[in-house]
Every structure is written in C-alpha cells, then in structure tokens.
Amino acid sequence: MNATPSVFHPAELVVYPAQGVGTIERIDSQQVGGMTCDFFIVRIIASNVTLMVPLHSAGRVGLRHLVSPEEAEEVLAFLRTAAAKNVCTGQNWNRRFREYSDKLQSPDLHQVASVLKELLSIGQVKELSFGEKRLQEQAMGLVCGELAQVLQMEEATIREQIIAAHTPESNAGAATS
C-alpha cells in the first residue's frame, strides 16, 4: 500500500451514490495490470454488497461522508412538506427517467430527495408506472438510509413520515387547519 492520504478511514460510514450508506471495512492493495492499486473496501449496509473503490478516484465517483445532522434535518423537513407546485406529468417519460436516474447517481442528497418528492407528488395525480415505482423505491431507500444513520432514527419511521406528508388525506387536513 502506498502512502496516499485519504479522508476516509476503516469502520467509517460513507455514502456511495446510487448504492447508499456503507462501512469502509478496510483499505486493500491489489495488483491491477502490473501496477499496485489501493482500494477502499466498502460494504453497503442495505444490500450487503461489497464495493472496491480506488482511493485515487473515490472523490470522482462520489464517495462521501454522511451529511451533517443539520443538513439531514433540512432534507427531512423538505420531504415532510407537500409539493408547492404541480409536477408536469405530461413530459416525455424517457426524458424524465434519464433525468431521475442521473439525479439518483448524484452524490448530493438534495438531488436524490428532489426525485423522491417529485415522484411522490406525481403519485398523487396518477398511478405510477412500474419504472416510476422502482425509481421512487430506490430514492426512498437512499434517502431514508442516510437520514436514519445521521438522525439516529428508524428507517421505517422516516419513511412513514415522508409518505404521510404526501397522502391526499394529510394534505387536505393541512389545508383546512
């Protein structure tokens, strides 16, 4: 292993885009194409998948620390409020799917949360397609997994709060209050 300094350390929780929260198990060196390369070995908590992330490109691929508790509270507050605007559901689904998929790959939790909120809003207007439901579940898992770790809450509790904020009954009650 070379002396490349890293900002991540074994046993630390990190986020890998589109995969979620994981634990850095160790830093390994392996021979790749006749060269020695150093890798973070990251085990994703939700899926128990192990990833090998090259140290030299960890930042480029979006490996990052968990958000701060303040940022987590901001994201949760954003998701607990119903959408203020109507979401355009007439837009080409292929274009929307690509846009959502790109945002889910983003290392920015706010981008992932915006996809989740938009899909929850669309779901109030029409039945989500299979692809939309799949993207919504992926976004929900990514957001809730990180928020649960940061805020020391149960993932199910966060999920329930977000869904409750986007059910027609809760929005109607909020409008009359």
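Heavy atoms only: backbone and side chains are in, while hydrogens, waters and symmetry mates are out.
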Using the rule that Ile, Leu, Val, Met, Phe, Trp and Tyr join whenever any side-chain heavy atoms are under 4.5 Å apart, tell me whether V32 and V42 fall into a single cluster.
no

Please assess E73 against L151 for the test side-chain contact (heavy atoms from CB on, under 4.5 Å), listing each intermediate value before the final yes or no.
CA-CA 8 Å; E73 287 289 354; L151 300 174; 3.5 Å; yes

Atom OG1 of T23 and atom CZ of F8: how far apart are they, to the nearest 0.5 Å?
13.0 Å

Within the structure provided, determine whether L13 and V150 are in side-chain contact (heavy-atom separation under 4.5 Å).
no

Mind checking whether V75 and V112 have side chains closer than 4.5 Å, heavy atoms only?
no

For I44 and G20 the tightest heavy-atom approach is CD1-O, 3.9 Å

Does any part of the side chain of H9, heavy atoms only, come nearer than 4.5 Å to the side chain of I24, both counted from C-beta?
no

So, does H56 use its side chain to make a donor-acceptor pair with the main chain of C37 at under 3.5 Å?
no

Which atom names give the shortest non-hydrogen contact between A139 and V115, and what distance separates them?
CB-CG1, 4.4 Å

Are I45 and M52 in one and the same hydrophobic cluster, where Ile, Leu, Val, Met, Phe, Trp and Tyr link if side-chain heavy atoms are under 4.5 Å apart?
no

The reported gap from CG in L76 to CD in E74 (rounded to nearest 0.5 angstrom) is 11.0 Å

Check whether E146 reaches the backbone of V21 with its side chain - one donor and one acceptor, N or O, closer than 3.5 Å.
no

When rounded to the nearest 0.5 angstrom, what is the spacing between CD1 in I158 and CZ in R80?
8.0 Å

Do the non-hydrogen side-chain atoms of F40 and E12 ever get within less than 4.5 Å of each other?
no

Which value, rounded to the nearest 0.5 Å, describes the distance between L55 atom CG and L63 atom CG?
9.5 Å

Considering all heavy atoms of both residues, which atom of Q149 and which atom of Q152 are nearest to each other, and what is their separation?
O-NE2, 2.8 Å

Using only atom types and a distance under 3.5 Å, with no angle test, would you say the side chain of R43 pairs donor to acceptor with the backbone of N48?
yes

Using a 6.0 Å cut-off, check whether atom CD of E154 has over 12 heavy atoms from anything other than its own residue.
no

In the structure I gave you, are the side-chain heavy atoms of R64 and V14 within less than 4.5 Å of one another anywhere?
no

Rounded at 0.5 Å granularity, tell me how far CD1 in I163 sits from CG in L79.
11.0 Å

With a 4.5 Å cut-off on side-chain heavy atoms, are H110 and V67 touching?
no

Do you know which two heavy atoms are closest between L142 and A18, and how far apart they sit?
CD2-C, 3.8 Å

Main-chain N/O of F39 paired with Q30 side-chain donor or acceptor, under 3.5 Å
no

Test item: H166 and K117 side chains (from C-beta on) under 4.5 Å apart, heavy atoms
yes

Between the side chain of S68 and the main-chain N/O of E71, is any donor-acceptor distance below 3.5 Å?
yes

For K133 and E137: C-alpha separation, side-chain torsions, deciding distance, then whether salt bridge (Lys or Arg N to Asp or Glu O under 4.0 Å) applies.
CA-CA 6 Å; K133 286 178 186 175; E137 271 309 303; over 6 Å; no

Taking all non-hydrogen atoms of both residues, which atom of V61 and which atom of P17 are closest, and how far apart?
O-CG, 3.5 Å

Do L120 and Q124 come close enough that some side-chain heavy atom pair is under 4.5 Å?
no

Rounded to the nearest 0.5 Å, what separation is found between the CZ atom of R134 and the OG atom of S101?
7.5 Å

According to a hydrophobic-cluster definition based on side-chain heavy atoms being under 4.5 Å apart (Ile, Leu, Val, Met, Phe, Trp, Tyr only), do V53 and I41 belong together?
no

Of all heavy-atom pairs between E132 and L119, which one has the smallest distance, and what is that distance?
O-CD1, 3.9 Å

